[in-house]
Structure formats: structure tokens, C-alpha cells
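Bear in mind that the values here come from a model prediction, so they are computed numbers and not experimental data. Reckoned from all heavy atoms, side chains included, excluding hydrogens, waters and symmetry mates.
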Amino acid sequence: MSADEPHLTPRRAIAFVVMVFGMFMAILDIQIVSASLSEIQAGLAASPDEISWVQTSYLISEVVMIPLSGFLARMMSTRYLFALSAAGFTISSFLCATSTSIEEMILWRALQGFLGGGMIPSVFAAAFTIFPPSKRNVVSPIIGLIATLAPTVGPTVGGYLSYTLSWHWLFLVNVLPGIGVTLGAFLLIDFDRPNWSLFERFDWWGLLSLAAFLGGLEYVLEEGPGNDWLADETVAVFVVVTLVGGIVTFYRVLTRDEPIVDLSAFGNVNFAVGSAFSFVMGIGLYGLTYLYPLYLASIRGYDSLMIGETVFVSGLAMFVTAPIAGFLAGRVDLRLMLLVGFVGFAISTWMLTGMTAEWDFQELLVPQILRGMSLMLSMVPINNLALGTLSRDKMKGGSGLFNLMRNLGGAVGLAVINTQLSDRGALHYDRLREAITWTNDEAMRQLSLMAGNLSSRGLDGQTGALAQMAARVRQQATVMSFIDVFLMLAVLFAGLAVTAFLMRAPQRAGGGGH
């Protein structure tokens with residue numbers, strides 16, 4: 001261990017565990033409501049358009065805080081930033097649970113996301129500053145597991161809580177652990193000191209432009225696919241807000257001595273390429289966390305608890321693979337691990353291209369296991385390669401940017417996926433409908449069977465048969481659109497696998513700070 005490395009004490013190790021638990025809560029809450037939005041909608045008498053903001057408001061505010069956290073951690077210290085973030089996250093969780101209107105819920109969810117976003121990068125920065133390089137193969141799988149496991153099991157946990165208790169417990173479950181994390185962080189974190197003089201140089205205009213840029217971008221990516229993009233006036237306005245905010249943000253970041261977001265970490269080749277991989281991991285992680293439940297709900301008709309029980313397999317596979325990934329990280333070339341992880345992810349997604357409307361737990365089992373294993377085999381080397389060669393003074397800002405790239409990857413991925421599902425679904429429906437004509441013997445046979453079945457029950461057989469056939473065609477078109485998206489993701493990860501060797505292997509010993 002080099003002389004400038006901090007001494008790892010039991011107190012700091014316990015503080016890190018407390019921080020990891022806080023990060024888990026913050027990332028879990030991104031997806032914990034996804035399987036229970038209908039229950040929240042009923043409880044708050046919200047419209048379908050309004051209820052989506054329970055998730056969107058959290059994502060928008062979180063994506064603003066994540067890059068901002070680097071400056072705040074230098075100004076306030078990790079101790080004060082993390083403790084205040086955890087305390088605010090806990091209070092806003094309680095306020096979410098006690099909301100009586102959708103407007104209240106959206107406000108408290110936005111506050112919850114903003115404060116939760118302050119905890120996530122702090123953990124990554126701590127892992128690569130308080131632990132010597134020899135211990136990183138232990139801590140990197142831990143933070144990698146939390147970053148991937150939390151959004152994966154979010155629908156499972158949320159579905160179980162809302163099914164067995166009520167939707168209020170999606171938020172109340174944070175209160176007691178949140179109090180513990182707040183107290184633990186305040187009493188135990190001691191590995192840096194505040195620099196309050198930075199407050200005098202805080203770029204308020206930079207903060208405003210950053211909020212406009214990232215908040216506007218997140219809104220466009222969330223709402224664009226369902227509103228025909230620029231055809232919707234509000235989306236078009238936010239595109240302009242995003243562009244103006246982006247121009248002002250980059251101008252101020254590149255011209256100020258103390259920018260609100262420090263982009264200098266991108267001068268490190270490993271960090272730049274690793275951030276690009278983090279972006280792609282966001283597409284795969286959040287994309288498939290979204291697609292599996294969507295298929296099970298829309299095609300199989302599963303409720304939130306059944307969906308949670310089905311997709312839990314991926315989380316279990318990640319949990320089992322985490323120590324294996326840590327073991328391998330100290331013994332094989334990290335770039336080779338990344339290659340294997342990306343190829344495994346591509347194969348797991350390609351396996352889904354044989355999907356039919358009858359696929360159930362059994363058919364989804366192997367792809368989910370392979371996906372979970374591949375995510376861990378990819379995440380550990382990405383963390384080590386990207387952050388393991390950053391100097392300590394760049395670590396706080398770099399950690400925020402690294403995590404931001406993963407979240408933006410998820411947002412962009414979901415926007416592309418939703419657009420593809422809509423466009424390809426419409427295309428497949430039109431093609432299938434054209435094939436069902438009076439000259440198609442099989443189509444006529446199916447219609448006749450359905451009509452006879454309905455007529456035997458005293459119903460209008462002809463009309464009912466046509467309605468059933470239309471529903472079948474629409475379902476098949478939807479399944480085909482899912483297959484198109486899975487193929488797209490498989491090609492993306494397979495194509496990127498070979499680029500793993502663009503990165504340089506970090507030193508196995510000595511300071512990771514150079």
C-alpha cells in the first residue's frame with residue numbers, strides 16, 4: 001500500500017457496509033413501484049397519464065443529483081452529504097406513503113429521487129478510495145451486485161409488498177432502515193473532510209442549466225415514445241429546453257475554474273471507455289428489467305406477485321455469481337471477463353428470439369440465469385477498469401459521471417425499446433392482418449371453429465370469432481415486436497464484446513490512483 005492511501009480500519013469497513021445499504025435502498029426505489037402502479041393509481045384516484053409520473057419524477061430528479069454529487073461531496077464531505085441524503089430520503093419516503101393525492105406523491109417522489117441520487121456515487125467513490133487495490137476484488141463485486149440486483153428485484157419486492165400488505169409499504173419499508181443508515185453514516189464515515197469554501201464558488205446558473213439539460217432529456221426519453229415524439233407539443237418544448245440547457249451546461253463546465261460537474265475524468269482512456277460500457281450496461285440492465293415484466297403482464301396476464309416470482313431468478317443468479325466474479329477478477333484479465341460477460345448477455349438475449357405467446361417460467365429460466373451471471377461478470381470488470389485507474393482527486397466527480405452514464409443508458413434504452421415495440425408491433429399487425437383473407441384456408445378453419453364454439457354457448461358466433469381472431473393477431477404481433485427488440489439487444493452486446501480490449505488492464509498492485 002502506498003503512503004498516500006488511507007488506512008482501512010474496521011470503522012471504515014462498517015461505514016462502507018452502511019453506505020452500500022443506503023445505495024441499495026436508493027436504486028431499489030427506482031423499480032419498486034413499477035409492478036404496483038395500478039394499486040397506487042387506484043389509491044390516489046389518479047389518471048393513467050398522471051400515474052406514470054410516480055416513476056418519471058423520481059428518475060428526472062435522481063439523474064440531476066448523480067453528477068452534482070461529486071461537487072457536493074468535495075464541499076460537504078462524504079459524511080455530511082450521505083447522512084443528509086439518507087435522512088431526506090427517509091423523510092420523503094414516509095411522505096410518499098402518507099400522500100393523499102397524486103400531486104403530493106409526485107412532489108415527494110421527486111424529492112426522494114433527488115436525495116437518493118446523492119448516495120449512489122458516494123459508494124463507488126468510497127470503494128475506490130478507502131480500500132487498497134488488493135481488496136478491490138472483494139468490494140467491486142459488492143457494489144456491482146447492488147447496482148444490478150436492486151433494479152432487478154425491485155418489481156419482485158414491490159409486487160410482494162403491495163400484494164400482501166398495501167402500496168403504502170413500498171415506501172414505509174424504507175423508514176426504519178433509512179434511520180439506521182442516517183445514524184450510521186453520520187457516526188462512522190470519517191475518510192474525508194469538508195471544504196466549505198467551495199460554497200462561495202457554487203455555480204447556481206450551472207445547476208439550473210444542468211437540471212434543464214438532464215431533467216429535460218429524461219422527460220423526453222420517458223414521454224417521447226408514448227406521445228409520438230415531436231408530434232407532442234410538450235415533448236417538443238422539452239427538446240428545446242434540453243438543447244438550451246445542454247449548451248449552457250457544457251459552456252459553464254468548460255469555462256469555469258470550479259465547474260459544477262468535472263468532466264476532466266474523461267481524459268483517462270479507461271474511464272472514458274468504461275463509461276461507454278456503463279451506458280451500454282444500463283441499456284441491458286434496465287431494458288430487460290422492463291421487458292420481462294411487460295411480456296408476462298401483457299401476454300401471459302400475470303399479476304405483480306406472479307411477475308416478481310418469475311423474474312427473481314435473475315437476481316438469484318447475480319447473487320450466486322458475485323463471489324465468483326470477485327474471485328476471477330484477481331486471477332484473469334479483466335478485459336477477458338468483460339468479453340465473456342458481454343457474449344453471455346448476447347446469448348441470453350438471443351435465446352429469447354424463439355419466444356412464443358406460450359412461454360412461461362420454464363422457457364424463461366435459462367435465459368434469466370445466463371443474463372444474471374453475465375451482468376455480474378460484466379459489471380465487476382467495468383467498475384475496476386473504469387474507476388481503478390482514476391486519481392483520488394478525480395474519484396468523486398468521476399463516480400458521479402460513471403453512474404450517470406448507466407442511468408442515461410437505461411433511459412435511452414427504454415425510449416428506443418418502447419418506440420421499437422410500438423412501431424414494429426404496428427408493422428407486424430398490418431402484415432398479419434393482410435394474410436388473413438377469405439382465401440386463407442387455415443384462417444377460415446380457425447374462424448369457423450371459434451364461431452361454432454361461441455354459437456354453442458348462445459353467443460353471436462360470427463362477430464365473436466372475428467373479435468377473437470383480431471385479439472390473436474394483435475397478441476402475435478406484440479410477441480413478434482418483443483422478438484425484434486431482443487434481437488436488437490443481442491446484436492448490440494455481441495458487437496460490443498470485441499471492444500473490451502480497447503481498455504488497458506490496471507495494475508494489480510500498488511496505488512490505483514495513477
Hey, does E218 have a side-chain heavy atom less than 4.5 Å from the side chain of V64?
-> no
Closest heavy-atom contact between D262 and L401?
-> O-CD1, 3.2 Å
Parallel under 30°, tilted from 30 to 60°, perpendicular over 60°: which one fits the rings of F482 and Y295?
-> perpendicular
Check for a donor-acceptor pair, side chain of T349 on one end and backbone N or O of A490 on the other, with a separation under 3.5 Å.
-> no
Flag yes if more than 12 heavy atoms outside Y251 fall under 6.0 Å of its OH atom; otherwise flag no.
-> no
Identify the two heavy atoms, one from S399 and one from P121, that lie closest to each other, and give their separation to 0.1 Å.
-> OG-O, 2.6 Å
Is there a side-chain contact between L291 and L421 (heavy atoms, below 4.5 Å)?
-> yes
Between R406 and F279, is NZ or CZ placed under 6.0 angstrom from the six-membered ring centre and within 45° of the ring axis?
-> no
Residue pair L221 / L414, side-chain heavy-atom distance below 4.5 Å | no
Would you check, one step at a time, whether the test side-chain contact (heavy atoms from CB on, under 4.5 Å) holds for L207 with D203?
-> CA-CA 6 Å; L207 174 60; D203 184 7; over 6 Å; no
Please assess M105 against L44 for the test side-chain contact (heavy atoms from CB on, under 4.5 Å), listing each intermediate value before the final yes or no.
-> CA-CA 9 Å; M105 173 65 80; L44 297 177; 3.7 Å; yes
Apply side-chain contact (heavy atoms from CB on, under 4.5 Å) to the pair L111 and W108, showing each step before the final yes or no.
-> CA-CA 5 Å; L111 185 62; W108 302 133; 4.1 Å; yes
Under a 4.5 Å cut-off applied to non-hydrogen side-chain atoms, are V63 and L59 in contact?
-> no
Here the pair of heavy atoms bringing G245 nearest to A212 is CA-CB, 4.2 Å
Please say whether more than 12 non-hydrogen atoms of neighbouring residues, nucleotides or ligands are located less than 6.0 Å from CZ in F21.
-> no
If we only count heavy atoms from C-beta on, is the F16 to I130 side-chain gap below 4.5 Å?
-> yes
Under 3.5 Å, side chain of S275 to main-chain N/O of F271, donor-acceptor pair present?
-> yes
With under 30° as parallel and over 60° as perpendicular, where do the rings of F342 and F277 fit, or are they tilted in between?
-> perpendicular
Heavy-atom count around F199 CZ within 6.0 Å, excluding the residue itself: above 12?
-> no
W167 and C96 have their tightest heavy-atom pair at CZ3-O, 3.9 Å
Shortest non-hydrogen pair, M376 vs P381, comes out as O-CD, 4.3 Å
Under the side-chain contact (heavy atoms from CB on, under 4.5 Å) rule, what do L375 and M281 come out as? Steps first, then yes or no, please.
-> CA-CA 8 Å; L375 274 171; M281 284 302 298; 3.1 Å; yes
Parallel, tilted or perpendicular: which describes the rings of Y58 and F89, with under 30° parallel and over 60° perpendicular?
-> perpendicular
Do the non-hydrogen side-chain atoms of M23 and V181 ever get within less than 4.5 Å of each other?
-> no
Is there a donor-acceptor contact under 3.5 Å linking the side chains of S57 and R109?
-> no
State, with a plain yes or no, whether a side-chain heavy atom of V248 is found less than 4.5 Å away from one of W205.
-> no
Closest non-hydrogen atom pair between V123 and M19, with its separation | CG2-O, 3.4 Å
Given side chains that start at C-beta, do those of E62 and N407 come closer than 4.5 Å, heavy atoms only?
-> yes
